[in-house]
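Comments concern the structure below.
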There are 4 protein chains.
Amino acid sequence: MDAVAAARREVCRLHSELLRWNLVAWTSGNVSARVPGTGLLVIKPSGVGYDELTPESMVVTDLHGAVVEGDHAPSSDTASHAHIYRAMPEVGGVAHTHSGYATAWAARGEAIPCALTAMADEFGADIPVGPFARIGGAEIGEGVVATLAGHRSPAVLMRGHGVFTIGRDAEAAVKAAVMCEDAARTLHFARLHGPVRPLPGADVDALYDRYQNAYGQPDRTREGA
Amino acid sequence: MDAVAAARREVCRLHSELLRWNLVAWTSGNVSARVPGTGLLVIKPSGVGYDELTPESMVVTDLHGAVVEGDHAPSSDTASHAHIYRAMPEVGGVAHTHSGYATAWAARGEAIPCALTAMADEFGADIPVGPFARIGGAEIGEGVVATLAGHRSPAVLMRGHGVFTIGRDAEAAVKAAVMCEDAARTLHFARLHGPVRPLPGADVDALYDRYQNAYGQPDRTREGA
Amino acid sequence: MDAVAAARREVCRLHSELLRWNLVAWTSGNVSARVPGTGLLVIKPSGVGYDELTPESMVVTDLHGAVVEGDHAPSSDTASHAHIYRAMPEVGGVAHTHSGYATAWAARGEAIPCALTAMADEFGADIPVGPFARIGGAEIGEGVVATLAGHRSPAVLMRGHGVFTIGRDAEAAVKAAVMCEDAARTLHFARLHGPVRPLPGADVDALYDRYQNAYGQPDRTREGA
Amino acid sequence: MDAVAAARREVCRLHSELLRWNLVAWTSGNVSARVPGTGLLVIKPSGVGYDELTPESMVVTDLHGAVVEGDHAPSSDTASHAHIYRAMPEVGGVAHTHSGYATAWAARGEAIPCALTAMADEFGADIPVGPFARIGGAEIGEGVVATLAGHRSPAVLMRGHGVFTIGRDAEAAVKAAVMCEDAARTLHFARLHGPVRPLPGADVDALYDRYQNAYGQPDRTREGA
C-alpha cells in the first residue's frame with residue numbers, strides 16, 4: 001500500500017498548488033491521481049476546506065468511484081474522474097477548477113485560441129469547449145473524454161461550469177490547470193483592445209514538439225498527457 | 001457564557017477569511033454571529049484594523065444592537081445585523097463586504113444572472129439587488145430582509161454599497177460572500193467578450209438540490225441559509 | 001527627539017501597508033509624516049527597496065526638503081511633500097502611489113465619481129484630478145494643494161502620474177490611498193458594463209458626516225484630513 | 001570562481017522576485033546574469049519549479065550557450081540570452097516573463113505608449129514590439145537586439161510570446177520586467193474607458209534624464225540599460 005500512501009501525499013500537496021495559483025475559492029476544485037499498479041484512485045474529500053486537507057483525509061476509491069479507504073465522502077466529481085481513468089489509460093491525474101478567467105470562456109462556450117507561444121507549448125492547439133453537464137454523476141467525465149480524446153490539449157472548458165485537465169500524473173494535470181488559467185487571462189486582456197491572431201499551425205506544431213520533447217530536465221519524466 | 005466565548009473566537013477567525021479571500025480593504029467589512037440559545041449577537045468593533053482583531057475585542061450586543069459586553073463601539077452596521085436576526089430566526093450569521101466585483105454589479109444595480117454551476121450550487125438563483133439605504137440605522141437590514149426573505153440566494157447586492165450575506169451560521173455567511181465575489185468576477189469577465197446565457201431553470205433546481213443535500217460530509221452540518 | 005524616532009518607526013511601518021494592499025511596484029511610492037512640534041518631516045529614502053526599509057533608513061528633512069538627519073538621499077518627491085506641509089498646517093501625513101486602477105483614471109485625467117457609500121464615507125465627494133507636473137521639484141505639491149485646498153477629498157489623481165493623499169497623520173493618508181484604489185477599481189469594473197449613477201448629494205453629505213464623526217472608536221483620534 | 005558563486009546566488013534570488021511580483025506561472029520565466037570578467041553567464045535550469053531553485057541548481061554556460069558548470073539542462077532560452085550578451089556588451093542581465101498584461105500587448109503586437117511618468121522614468125519611450133520567433137535557438141535574442149539596440153527602453157514585447165528585458169545587471173533587468181508589467185496593466189485599464197494621450201516628448205526626456213541621473217542613492221550603481 002506504499003503507492004496509495006504516496007498518492008495520498010501527492011494529491012494533498014497538489015491541492016495547495018490550486019490555492020497558491022489562485023485557481024479556487026473556498027472548497028471548490030479538486031485533484032485526483034490514479035494509483036499506479038492498482039485499480040484505485042485518490043481524490044479530495046467533498047466540501048472540506050483547503051486548510052483542513054491532510055494525506056489521511058484524502059479518499060481512495062475504485063475506478064467506479066466506490067470508496068475503498070477513507071473516513072470522508074469523496075468529491076462530488078468522483079464519478080467523472082473515475083470515468084476519465086477508465087476511458088483514458090494513459091491518464092494518471094485529473095484536476096478540476098472554476099478558475100475565473102478560464103471559466104469566463106466556459107460561460108460563453110468559447111474555445112481559447114492558440115495565440116501565444118506558451119499555449120503552443122503546453123496545449124499544442126486551441127483549448128476546446130466541452131458540453132454542459134449536471135454535477136454528481138459520470139456525465140461530466142463523459143464530456144471530458146469525448147472532447148479530449150485524440151486532442152493535444154490536456155484542458156477542456158466545460159460549458160457553464162469550469163476547467164478539467166488531464167495529465168500523465170496529477171502534477172501534470174495541475175500544471176495544465178495553471179497554464180490554462182494563465183492563457184485564458186492573457187488572451188482575455190489582449191482581446192479587449194483589439195483582435196488577436198492565432199499562431200500559424202506550423203509554428204504551433206514546432207513549438208509543441210520542442211516543448212514536449214526537449215524542454216525540462218532529461219532525468220525527469222516528461223509532463224503532459 | 002461558553003457560547004459567547006465560542007462566538008467571539010469564531011467571529012474573530014472569520015474576519016481573517018475576509019482578508020484572505022480579498023473581500024475587504026483596510027477596516028471595511030464585518031461579520032456577526034447569533035449566539036445560540038441567547039438573545040445576543042457578536043460583531044466586529046467599528047473601524048478597527050484586521051490585524052488588531054482579537055476574540056476579546058469583538059462586541060456582544062442584544063438583538064436591538066445595544067452593547068452588552070465589550071470595550072469597543074460595535075460596527076456601524078450593527079443595527080442592520082440585529083434587524084436581520086430578529087426578522088429571520090433561521091439565520092445564525094451575517095457577513096458584509098464591499099468586495100470589488102460584486103460591488104461593481106451593486107453600483108449598476110444589476111443582479112448577477114445564474115449562469116454557472118457554482119452559482120446554481122450556492123445561490124440556486126440570480127443574486128438579487130436590494131435597495132439603496134444610508135449607513136448607521138436598521139434601514140440596510142430592512143432592505144436585506146425584504147430582498148432575501150423567501151429567496152434561495154443567501155447574498156444580496158445592496159445598491160451603491162456592497163454585499164450582505166446570510167447563513168445558518170457565520171461561516172456559511174462568509175462562504176456565501178466568497179462565492180458571491182467569485183461569481184461576480186467570473187461573469188464580469190465573461191460578459192466583456194459576449195453574451196452569457198443563464199442556466200436553464202431545471203438545471204439550476206437540480207444542481208441546487210444536490211449541493212444543499214448531498215455535497216460535503218454527512219457528519220457536518222449543512223451550510224447555506 | 002523621541003517624536004522623530006516615533007515618526008521614523010511609523011513611516012517605516014506604513015510603507016509595508018503600501019505593499020500589503022498592492023499599491024506599489026518595486027521601489028515606487030512613498031509616505032511621509034510631519035513630526036509634531038517641530039518643523040521637520042520624515043520620508044522614505046529614494047530608490048530603496050521595500051524589504052530594505054528600516055526606521056533608521058528614513059530621512060528627516062526640514063519643511064523645505066533640506067536633509068537634517070539620515071544617511072540616504074530622500075525621495076524625489078520630498079520637495080512636493082514639504083510644500084504640502086507648509087501650505088496645509090492641518091496635514092500631518094502624505095502618501096503617494098502609482099496604484100494601477102487609480103492611476104488609470106489619472107492617465108485619462110478623469111475624476112472618480114462618488115457613486116459608492118464607501119466613497120461618500122472616506123472622500124465625501126468625487127476624487128478630483130490635479131495637473132500634470134514634472135517630478136523632482138515642488139510643482140507636484142503645488143498641484144496637490146491647489147486641488148485639495150477646500151475639498152473634502154483627501155486624495156487627488158495627478159494627471160499622467162498617480163495618486164497623492166493627505167491626512168491628519170500618515171496612517172490616515174495611507175488609508176486614503178488604500179480606499180482610493182479600492183474605489184477606482186470597483187468603479188472601473190462597474191462602468192465596463194453600463195452607466196453608474198453618482199449618489200445624490202444629500203446622501204453623500206449624510207454618509208460623510210456620519211463617517212467622519214461617528215465611525216470608529218470614541219477613544220481613537222478620528223482619521224481624515 | 002567567487003564571481004560565479006555570487007552570480008548563482010543573485011540569479012537564484014532574483015527568480016523569487018518574478019514570483020513575488022506575479023510575473024510568472026509554474027516554471028515559466030527566467031533570469032540570467034553575465035559573470036563580470038569572464039565569458040560566462042548564469043541562467044535558470046529548464047522546467048524546474050520556483051520552489052526548487054537553489055544557487056547550486058543554476059547553470060553556467062559560455063556566451064554561446066554551451067554548459068560549463070551545472071547538473072541541469074539550461075533554460076530553453078539560453079541561446080537567446082547568450083546572443084544578447086554577445087551583441088550588447090553593456091548588458092549585464094536579462095529577464096524573460098510571460099507576465100499577463102504585458103503579454104496581452106504582445107499578443108496584439110502593440111507597443112505600450114509612454115503615457116505615465118513612471119514609464120518616462122524607466123523606459124524613456126514607448127515600450128516597443130519585437131518580431132515573432134520560435135523558441136529554442138538564438139532567433140528570439142536576435143529580435144531582442146534588433147529592437148532594443150539604440151532604444152532607451154530596456155523592455156521589448158516579443159510578438160505572440162512575452163517580455164524580454166535587459167539591464168546593466170540582472171536586478172535592473174528584473175526591475176524593468178516589474179515596471180513593464182505595471183505600465184502594461186495601468187494603461188490596459190486606462191484605455192478601456194477612453195483615450196490616453198502620450199506624454200509630450202520634452203516631458204519624457206526631462207523625466208528620463210532625471211530618473212537615470214538623480215533618482216536613488218548616490219552610493220548605489222545606477223540601474224537601467
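Numbers restart at 1 for each chain; the letters A, B, ... are given by sequence-line order, proteins then strands.
- Using a 4.5 Å heavy-atom cut-off against chain D, the contacting residues of residues 108-115 of chain C are C:R108.
- Interface remark: D:A177 contributes no atoms to any contact with chain C (heavy atom separation under 4.5 Å).
- Minimum interatomic distance between C:A73 and D:G216 (heavy atoms only, all atoms of both residues): CB-O, 4.0 Å.
- In this structure, chain D has no heavy atom under 4.5 Å from any part of C:V59.
- For the atom pair NE2 (C:H161) and CG (D:L199), the distance works out to 10.5 Å, reported to the nearest 0.5 Å.
- To the nearest 0.5 angstrom, D:D182 atom CG is 8.0 Å from C:T103 atom OG1.
- Between D:F189 and C:G100, the closest heavy-atom pair is CD1-O, 3.8 Å.
- A tilted orientation is assigned to the rings of D:W21 and C:W26, their planes being inclined by 30° to 60°.
- The candidate from D:R197, D:M119, D:E17, D:H193 with the greatest count of non-hydrogen atom pairs under 4.5 Å with chain C is D:H193.
- With a 4.5 Å cut-off on side-chain heavy atoms, C:L19 and D:R20 count as touching.
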Please tabulate, for the side chains in residues 128-143 of chain C, all donor-acceptor contacts under 3.5 angstrom to protein atoms that are two or more places apart in sequence or on a different chain.
unit_1: C:R134; atom_1: NE; unit_2: D:D203; atom_2: OD1; d: 2.5
unit_1: C:R134; atom_1: NH2; unit_2: D:D203; atom_2: OD1; d: 3.0

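- For the set C:P45, C:A25, C:S28, the count of heavy-atom pairs under 4.5 angstrom toward chain D peaks at C:A25.
- Of the two parts of C:T27, the backbone and the side chain both hold a non-hydrogen atom closer than 4.5 Å to a non-hydrogen atom of chain D.
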Verdict with supporting geometry, D:L192 and C:H188, side-chain contact (heavy atoms from CB on, under 4.5 Å): CA-CA 9 Å; D:L192 284 173; C:H188 170 85; 4.0 Å; yes
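- No donor-acceptor distance shorter than 3.5 angstrom exists from the side chain of D:Q217 to the backbone of C:G47, with no hydrogens or angles considered.
- At a cut-off of 3.5 Å, with distance as the only test, no side-chain donor of D:Y211 or C:S76 sits close to an acceptor on the other residue.
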